[in-house]
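In what follows, a single structure is set out as C-alpha cells and then discussed.
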Amino acid sequence: MAEKPQPVQVQYCPVCSLPAEYCEFGPDFEKCKPWLIQNAPQLYPDLLKEASNKAADKVAEQLQNTGISSGSSDGAATSAPKQEEVKRLPGGKIKKKEKQEVIIEKVIRNKRKCITTVKGLDLFGVKLSEASKKLGKKFATGASVVKGPTEKEQIDVQGDISYDIVEFITETWSDVPETAIFFIEDGKKVPAA
C-alpha cells in the first residue's frame, strides 16, 4: 500500500499575510523583505545579495565619511543614491498626480447623434452635478454626470456643443483657465486656445 502524503507546512508572512512565496506579489514587498531575509532566505536568494551589497555600501560610505578609503578609485560611485518615496496604492501601483485640465470630446453615435463629453472639471473644484445643470440650461439639452471608462465621473451633454462650451466654461467658472481646456480630435489632444 502507498504511503499517505503528508500535509505541506506553509509559512505565512506576518506583514502581508500571504505565503512567503507570494510576498513579492503583495501590497508592499519592501516591508516584507526584512522578514523574508530572516525567515525564508532560500526563497529569495537575490534579497540576500541585495542586503549584503547595501550593507557593504553603507560600510564604505561610513569609511569614506571618516576619511578612510575603501579601495575604490571614486567613492561616490559605491554609495547608493537615495530614492525619494513614492506613494503606492494597494497592489504596488504608483499613484500619479493628475494634471488640472479639462478635456472635451465629441462622440458620434448612431451616425447622426452626438454626445459631448466634458472630463476634468472636478479637478478645479467644480461640482459636476451643478455644472451639468448649468450646461443643460445654457444649451437647452440633456446633461448628466456619468462614470466614464476610467471609473472617473464626467459630464455627458447631448448634442454637438463643442463650439461654445469653452467660452461658457471660462465665463462660468473663473478658476478654469482657457489654457487648461483641450479638445480630443481624431485621437489627438488639441489645445482649445
Side-chain angles (χ1 to χ4, degrees), residues 4-105 117-129 131 145-155 175-177 179-182 184 187-191:
K4 284 187 175 178
Q6 295 298 317
V8 177
Q9 292 292 330
V10 179
Q11 194 173 18
Y12 288 95
C13 174
V15 179
C16 65
S17 71
L18 293 173
E21 298 88 35
Y22 295 103
C23 275
E24 65 183 310
F25 306 111
D28 201 357
F29 185 51
E30 293 297 320
K31 289 181 183 177
C32 297
K33 282 183 181 180
W35 183 85
L36 288 170
I37 290 170
Q38 189 176 22
N39 297 310
Q42 72 281 4
L43 293 174
Y44 297 100
D46 295 338
L47 286 180
L48 286 173
K49 292 176 188 173
E50 185 179 309
S52 63
N53 288 343
K54 281 185 181 178
D57 286 345
K58 199 176 209 180
V59 169
E61 188 175 312
Q62 288 175 347
L63 289 175
Q64 186 179 14
N65 289 342
T66 58
I68 300 172
S69 175
S70 62
S72 63
S73 59
D74 57 334
T78 59
S79 63
K82 289 191 175 183
Q83 297 176 351
E84 62 181 60
E85 286 190 32
V86 178
K87 186 169 183 178
R88 292 189 177 262
L89 296 171
K93 294 181 182 175
I94 297 173
K95 184 174 186 178
K96 294 181 181 178
K97 191 171 184 180
E98 294 187 43
K99 293 181 182 177
Q100 282 194 328
E101 58 187 20
V102 177
I103 296 174
I104 300 168
E105 184 176 6
T117 304
V118 182
K119 303 174 193 172
L121 269 178
D122 54 337
L123 298 175
F124 291 95
V126 177
K127 289 187 178 177
L128 294 182
S129 59
V145 179
V146 180
K147 279 201 175 185
T150 60
E151 295 297 319
K152 294 204 163 231
E153 290 189 335
Q154 62 189 26
I155 299 174
D175 295 345
V176 183
T179 56
I181 300 175
F182 296 92
I184 302 255
K188 295 180 182 177
K189 191 160 66 168
V190 179

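Predicted, not measured: the structure shown is a model, and the values here were computed from it. Index from 1, following the sequence.
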State whether the side chain of Gln100 and the backbone N or O of Leu123 hold a donor-acceptor pair below 3.5 Å, judged by distance alone.
yes
Drop me the distance from Glu21's CD to Leu36's CG, to the nearest 0.5 angstrom.
10.0 Å
Once you round to the nearest 0.5 Å, how far does SG of Cys13 lie from NZ of Lys31?
11.5 Å
Should we say atom NZ of Lys189 is surrounded by more than 12 heavy atoms from elsewhere, each under 6.0 Å from it?
yes
So how far is it from Gln154 CD to Ile103 CD1, rounded to the nearest 0.5 Å?
10.0 Å
Closest non-hydrogen atom pair, Val145 against Leu128
CG2-O, 3.4 Å
Heavy-atom closest pair (Phe124 atom, Asp175 atom, distance to 0.1 Å) is CD2-O, 3.7 Å
Give a yes or no on this: more than 12 heavy atoms of other residues, nucleotides or ligands lie within 6.0 Å of atom CD of Gln42.
yes
Could you tell me the separation between the CD atom of Glu24 and the CG atom of Asp46, rounded to the nearest 0.5 Å?
10.0 Å
Could you walk me through whether Cys23 and Phe29 pass the side-chain contact (heavy atoms from CB on, under 4.5 Å) check?
CA-CA 6 Å; Cys23 275; Phe29 185 51; 4.2 Å; yes
Between Ile155 and Ala131, which heavy-atom pair has the shortest distance, and what is it?
CD1-CB, 3.7 Å
So do the side chains of Lys152 and Lys119 get within less than 4.5 Å of each other, counting heavy atoms only?
no
Report yes if some heavy atom in the side chain of Phe25 is under 4.5 Å from a heavy atom in the side chain of Cys16; otherwise report no.
no
Residues Ser17 and Tyr12: closest non-hydrogen pair is O-CD2, 4.0 Å
